[in-house]
Amino acid sequence: LVVQYVNPEDTRKLENIPIQVNTIDSVPAGEGLVLVTDYKKAMTITYTASRDVIAMLNVDNITAYVDLSSATKSGEYSFPVKVDTGGQNISIVDQSIKEAVLKFEKSITAQVKVNVTAEGSVPDGYVKNDPICNPTYLNIEGPESKVSKIVSAEVVVPEKSFTETNVYTCEYKFVDAEGNVVTKDYITADFETVNVTVTVLKTKTLPITATIVNSS
């Protein structure tokens, strides 16, 4: 009876609501920008609602998200954090995080060569050919400040001894002109791994005979 007829409003809190940063089909994505800030935060909201609404509240329908509509060029922005109540009849009176500081950069593409190293030994009487990599080039995309530094993708075959021909699935590392590793953060490539074929062949010793012709 109290809930149905008196039904006063009450103030409650919801904690640990993750803040979503969705760049797909966003304004910055349309401008060719890529997010270069790792943003993973949750917040607390304070809301008021009548007790019958509180009793039936679906917490999973309440989401927090960053409004990215103001990002049209490279730079650091302070975006408003908004709350979607999922159509439920509640009023947000406070939230612990009101703004999110994020940085966007111009996204560029590049093609880099894959270099393979297979330093393992082979048994006596065998020899290994130069490794063959597939693919030999990677198409990458990411922030200009990182992609512009990358000169190649380096692969090391994790084998100390090669006894037969084999195909290895290997991960790669991006490196700059000085050989320093460039992390893969915010960079996408058309292949996550590469296949390296190392051919091992048996050697054979042949006698050499000389025949002298047209001699005086």
[X] versus [Y], closest heavy-atom pair with distance:
{"X": "Y172", "Y": "T193", "result": "CE2-N, 4.1 Å"}
{"X": "K106", "Y": "S74", "result": "N-OG, 3.0 Å"}
{"X": "V34", "Y": "G142", "result": "CG1-C, 4.2 Å"}
{"X": "A71", "Y": "V27", "result": "O-CG1, 3.5 Å"}
{"X": "S78", "Y": "E99", "result": "OG-OE1, 3.0 Å"}
{"X": "V53", "Y": "N89", "result": "CG1-O, 3.7 Å"}

Check: Given the rule in the side chain to side chain contact (heavy atoms under 4.5 Å, CB included) test, do L35 and L68 qualify, once you have shown the distances and angles that lead to the verdict?
Finding: CA-CA 11 Å; L35 179 66; L68 303 174; over 6 Å; no
So how far is it from [X] [atom1] to [Y] [atom2], rounded to the nearest 0.5 Å?
{"X": "D10", "Y": "Y47", "atom1": "CG", "atom2": "OH", "result": "8.5 Å"}
{"X": "T46", "Y": "D94", "atom1": "OG1", "atom2": "CG", "result": "5.0 Å"}
{"X": "Q88", "Y": "N58", "atom1": "CD", "atom2": "CG", "result": "5.5 Å"}
{"X": "E105", "Y": "E144", "atom1": "CD", "atom2": "CD", "result": "7.5 Å"}
{"X": "L57", "Y": "I62", "atom1": "CG", "atom2": "CD1", "result": "4.5 Å"}
{"X": "E119", "Y": "E159", "atom1": "CD", "atom2": "CD", "result": "13.5 Å"}

Would you say that [X] contacts [Y] through its side chain, given a criterion of any heavy-atom pair below 4.5 Å between the two side chains?
{"X": "N134", "Y": "T197", "answer": "no"}
{"X": "F162", "Y": "V157", "answer": "yes"}
{"X": "N166", "Y": "V198", "answer": "no"}
{"X": "V114", "Y": "V196", "answer": "no"}

Is [X] atom [atom1] crowded by more than 12 heavy atoms from other residues, nucleotides or ligands, each under 6.0 Å away?
{"X": "E192", "atom1": "CD", "answer": "no"}
{"X": "K103", "atom1": "NZ", "answer": "no"}
{"X": "K98", "atom1": "NZ", "answer": "yes"}

Using modelled atom types and a 3.5 Å cut-off, is there a donor and acceptor pairing between side-chain atoms of [X] and backbone atoms of [Y]?
{"X": "D67", "Y": "P80", "value": "no"}
{"X": "Q111", "Y": "Y137", "value": "no"}
{"X": "Q95", "Y": "V81", "value": "yes"}

Note to self: Checking S107 against E141: is there a side-chain donor and acceptor pair closer than 3.5 Å?
What the structure shows: yes
Next item on the list: Check the pair I187, I150 against side chain to side chain contact (heavy atoms under 4.5 Å, CB included), reporting the backbone distance first and the verdict last.
Entry: CA-CA 11 Å; I187 296 177; I150 298 173; 3.7 Å; yes
Note to self: According to side chain to side chain donor-acceptor pair (under 3.5 Å), does anything in residues 15-42 pair up with another residue at least two apart or in another chain? List the pairs.
What the structure shows: none
Next item on the list: Assess whether side chain to side chain contact (heavy atoms under 4.5 Å, CB included) is satisfied between T169 and N195, documenting all intermediate values.
Entry: CA-CA 5 Å; T169 299; N195 293 325; 3.1 Å; yes
Would you kindly confirm whether [X] and [Y] end up in one hydrophobic cluster when ILVMFWY residues are joined by side chain heavy atoms under 4.5 Å apart?
{"X": "V155", "Y": "V182", "answer": "yes"}
{"X": "Y77", "Y": "V36", "answer": "no"}
{"X": "Y65", "Y": "L102", "answer": "no"}
{"X": "V116", "Y": "V175", "answer": "no"}
{"X": "V156", "Y": "L138", "answer": "no"}

Margin query: If we check side-chain contact (heavy atoms from CB on, under 4.5 Å) with V122, which of these qualifies: K202, K128, E164?
Written below: K128
Next item on the list: Please list, chain by chain and in numerical order, all residues satisfying side-chain hydrogen bond (donor to acceptor under 3.5 Å, both in side chains) with T183, sequence neighbours excluded.
Entry: K146
Notebook entry, point to check: Does the pair I17 and V83 meet the rule for a side chain to side chain contact (heavy atoms under 4.5 Å, CB included), with working shown?
Noted result: CA-CA 10 Å; I17 299 177; V83 178; over 6 Å; no
